[in-house]
Amino acid sequence: MCAIIAATTAAGILLSSDKKRRAEVFAELYEFNERMLINLKFGKRRMSQMAEGFRHIPDIIAGKKVLGGDDGEFIGEYAKNIGASDSASQIDYLNECKSALKKRMEDSAECYKKYGSLYIRLALMTGILIAVLLA
């Protein structure tokens, strides 16, 4: 019986992991964007040095897909445009992206809060229901 409950709870955790990953990626991307703006204005560190300490940013810079769908396209376009022009143009581009990144970061965090724990709870309850019905 415990195995059934554990299996359904694990399924719920897997379902919520996509929401968590999306929230993590956009939170990191927003922070990276802020660091890039400060670096372009006041410092001249390399982009690879700026990406140190982040979990997903090195993959994004390398051109790997970290998210799918519309989010993946947005991130791909962002990665393609950073470092592609002079500092003044980069500052303008990063400032334009700032509001879009903030909106996506807030939306993904809200979605994770709302649905992340919901999936786990529903899966747990389903496992308990199955265990009770089988007992």
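Throughout, residue positions are numbered sequentially from 1 according to the sequence presented. Just so it is clear, the values below take in all heavy atoms, side chains as well, and ignore hydrogens, waters and symmetry mates.
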Between [X] and [Y], is any pair of side-chain heavy atoms under 4.5 Å apart?
X    : Y   : value
M47  : I57 : no
Y112 : E24 : no
R21  : H56 : yes

**Study point:** Mutual orientation of the aromatic rings belonging to F26 and F74 [parallel < 30°, tilted 30-60°, perpendicular > 60°]
**Key:**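 Ring orientation, 0 to 90° scale: tilted.
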
Residues which pass side chain to side chain donor-acceptor pair (under 3.5 Å) with [X], listed by chain and number, not counting sequence neighbours:
X    : answer
N33  : Y78
K103 : D107
R45  : none

In chain order, what residues pass the salt bridge (Lys or Arg N to Asp or Glu O under 4.0 Å) check against [X], with sequence neighbours excluded?
X   : answer
E34 : K98
K80 : E77
E28 : none

In Å and rounded to the nearest 0.5 Å, what is the [atom1] to [atom2] distance from [X] to [Y]?
X    : Y    : atom1 : atom2 : value
I5   : L129 : CD1   : CG    : 10.5 Å
S108 : R22  : OG    : CZ    : 5.0 Å
C111 : K113 : SG    : NZ    : 12.0 Å
L40  : D92  : CG    : CG    : 10.5 Å
L133 : I4   : CG    : CD1   : 10.0 Å
Q90  : N81  : CD    : CG    : 7.5 Å

Review point. Is there a side-chain contact (heavy atoms from CB on, under 4.5 Å) between R104 and Y30 once you walk through the steps?
Key: CA-CA 9 Å; R104 286 180 187 252; Y30 182 79; over 6 Å; no

Review point. Taking V66 as the fixed residue, which of L29, I60, D71 is the one that meets the side-chain contact (heavy atoms from CB on, under 4.5 Å) rule?
Key: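 Among the candidates, only I60 passes.
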
Review point. Is a donor on one side and an acceptor on the other found under 3.5 Å between the side chain of T8 and the backbone of A123?
Key: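 Yes, because the side chain of T8 sits within donor-acceptor range (under 3.5 Å) of the backbone of A123.
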
Check your understanding: Looking only at atom types and distance, does a side-chain atom of E73 sit under 3.5 Å from a main-chain N or O of D70, one as donor and one as acceptor?
Key ->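 No, the answer is negative, given that no donor and acceptor are paired below the 3.5 Å cut-off.
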
Connected via hydrophobic side-chain network under 4.5 Å: [X] and [Y]:
X    : Y   : answer
L37  : I61 : yes
M105 : I82 : yes
L101 : I91 : yes

Exercise for review: Start with the C-alpha distance between L15 and Y115, add both sets of side-chain angles, then the distance that settles side-chain contact (heavy atoms from CB on, under 4.5 Å), and finish with yes or no.
Suggested key: CA-CA 9 Å; L15 287 172; Y115 295 111; over 6 Å; no

